[in-house]
**Q** 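One structure follows; several queries about it will come next.
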There are 2 protein chains.
Amino acid sequence: METVSENKCFGGVQGVYRHRSDLCKCDMTFGVFLPERARHAPVPVLWYLSGLTCTHENAMTKAGAQQWAAERGLALVFPDTSPRGEGVADDEAYNLGQGAGFYVNATQNPWAENYQMWGYLAEELPRLLVDTFQIDEERQAICGHSMGGHGALTLAMACPGRFASVSALAPIANPSQSDWAKKAIHAYLGEDGDYWARHDATLALRTAGFDGPILVDQGTDDPFIEALMPQSLATAMAETRHPGAFRLQKGYDHSYFFVSTFMEDHVAFHAEALCG
Amino acid sequence: METVSENKCFGGVQGVYRHRSDLCKCDMTFGVFLPERARHAPVPVLWYLSGLTCTHENAMTKAGAQQWAAERGLALVFPDTSPRGEGVADDEAYNLGQGAGFYVNATQNPWAENYQMWGYLAEELPRLLVDTFQIDEERQAICGHSMGGHGALTLAMACPGRFASVSALAPIANPSQSDWAKKAIHAYLGEDGDYWARHDATLALRTAGFDGPILVDQGTDDPFIEALMPQSLATAMAETRHPGAFRLQKGYDHSYFFVSTFMEDHVAFHAEALCG
């Protein structure tokens, strides 16, 4: 593993690292924020999964999460959103290929060779992090924005006992019912696969469920709201009586100005679940 | 004036606007954050001047200032760092030309035609802002990072009564004594000009002074520290018995991870001077 950069930040260290991924068969870059207290003992960790077109860097520089993580003593992990590199398949569309891994293990060509983001985030990267940094494997939580909200919710529901809490900002909430969201998932997994119960947060909540609280924020002026289908997830949360909150935030859109506005709430929500 | 974008952010609005500058003879872009209370009455304003290679956008997305400005009811202004465009002179060096206006009125060719950033920030842009937004002309403060710290300090000292307070993060503190910093200023103003008392913060403090508090933060691991010459400004502040603080922050570098870590302190410092 190679250190790309390390910067002191809110008393801790914001690092960027690169390693060879066995599953994605390419070099992968990720960010890790370690609060000051990680110098002495393992700390709880909050994963942040990003949205379409993002790399590891967007949330790391724009969400403002480090200040709250430092205050609460949490580590943060910022993975990339897809495999990358010259030999990695890509597409001109912004919502397919590099920057748009959709947090699945692709089974279709040309994607199957590298696009194994589900396994990368469920297995390979957690193992590397726990082996390398002062991170407490027993205290993990996960959040995400947009496509990353989809990833956070579906991973949390598919890994019982792994995450104490899950949250999402403007997640892709019900992709099996959204023509826009189906496009990439069909490309990666085929049109006839039996995978929606795992890769659709609304369906996963109704079937697998989740053993912890859920927080969802959605801006009312989000230009993607029709494709995101937040109402499906809100309905599922209400009908399953799931502990947590689904919040509609008046006037906010899909940008990092929206994300950063509510980041303090999300970090506090996870800190409560992780640290009591 | 054209609206480039407006995003709701911490209850207020982060806008980006473009206008034709008479002084710079090109289109100029700037960001303005207006807190919620600016919907009802004029609010105090904090100017943020950025460093080399930055546009209006860097601090707006990475410094995290909006949350504290929203809490305190301050507007924020994020000007660009130079004139820009196809017809505007430029240089391959990162510290000369577009992105590197150094907050002076250039007198030398080919820069004099457009590089009038001093007048733009001292006169043209404030007039436009006060005429357009709910900004209280009588309550202004200014801060900046690196080259923008140089700009903030020198503008504040040259405009008595304009700014209630001034602060800087890792400012270019004594350019007349720094070979690195002199290069661009010599290109813009000539090598023999009598301008250092205005465009060197250390000299300006010793001659013009400033009628308000000064806050300076400097990371001890800043790779540019030799060229920035913070010790000159610290000495001048101490010798002139100037109210304020010069702080050395252990382990921090020159990045926005440093800036964002101390942004809350800077906004609070200015809010105290502006609002009591």
Side-chain angles (χ1 to χ4, degrees), chain A residues 4-16 31-36 39 54 57-71 76 78 169-170 217-225 248-268, chain B residues 4-16 31-36 39 54 57-71 76 78 169-170 217-225 248-268:
Chain A
V4 177
S5 63
E6 290 185 330
N7 300 86
K8 191 166 179 182
C9 179
F10 289 98
V13 176
Q14 177 61 60
V16 175
V32 172
F33 172 76
L34 290 175
E36 203 267 339
R39 294 163 71 181
C54 290
E57 196 179 9
N58 300 63
M60 201 181 93
T61 57
K62 300 200 291 187
Q66 291 94 344
Q67 60 189 301
W68 312 118
E71 197 173 291
L76 299 169
F78 303 98
L169 296 127
D217 275 311
Q218 171 64 55
T220 62
D221 287 11
D222 188 324
F224 301 105
I225 198 165
L248 288 157
Q249 303 290 1
K250 186 178 175 185
Y252 287 90
D253 56 31
H254 200 72
S255 69
Y256 266 90
F257 295 113
F258 159 66
V259 171
S260 62
T261 299
F262 298 101
M263 188 49 59
E264 180 181 9
D265 287 359
H266 283 248
V267 175
Chain B
V4 177
S5 62
E6 289 185 330
N7 300 86
K8 190 165 179 181
C9 178
F10 289 98
V13 176
Q14 177 62 60
V16 175
V32 172
F33 172 74
L34 290 175
E36 203 268 339
R39 294 162 72 182
C54 289
E57 196 181 9
N58 300 63
M60 200 182 92
T61 57
K62 299 200 292 189
Q66 292 93 342
Q67 61 190 299
W68 313 118
E71 197 173 292
L76 299 168
F78 304 98
L169 295 128
D217 275 310
Q218 172 64 56
T220 63
D221 287 12
D222 188 324
F224 302 104
I225 197 163
L248 287 158
Q249 303 290 0
K250 185 177 176 187
Y252 287 90
D253 57 29
H254 200 72
S255 68
Y256 266 90
F257 295 113
F258 159 65
V259 171
S260 62
T261 298
F262 298 101
M263 188 47 59
E264 181 181 9
D265 287 0
H266 283 249
V267 175

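A, B, ... follow the sequence lines: proteins, then strands. Residue 1 opens every chain.
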**Q** Grab the two heavy atoms, one from B/Gln67 and one from A/Gln67, that are nearest each other, plus how far apart they are.
**A** NE2-NE2, 2.8 Å

**Q** Is any side-chain heavy atom of B/Phe257 less than 4.5 Å from a side-chain heavy atom of A/Glu6?
**A** no

**Q** Below 4.5 Å from any heavy atom of chain A, which atoms of B/Thr61 appear? Answer side chain, backbone, both or neither.
**A** both

**Q** Need one label for B/Phe10: side chain, backbone, both or neither, based on atoms under 4.5 Å from any heavy atom in chain A.
**A** both

**Q** Under 4.5 Å from any heavy atom of chain B, what part of A/Gln66 do you find: side chain, backbone, both or neither?
**A** side chain

**Q** Measuring heavy-atom distances to chain A, does B/Asn7 have an atom under 4.5 Å in its side chain, in its backbone, in both, or in neither?
**A** both

**Q** Heavy-atom cut-off 4.5 Å, strictly under: side chain, backbone, both or neither for A/Ser255 against chain B?
**A** side chain

**Q** Donor-acceptor pair, distance only, cut-off 3.5 Å: does the side chain of B/Tyr252 make one with the backbone of A/Gly11?
**A** yes

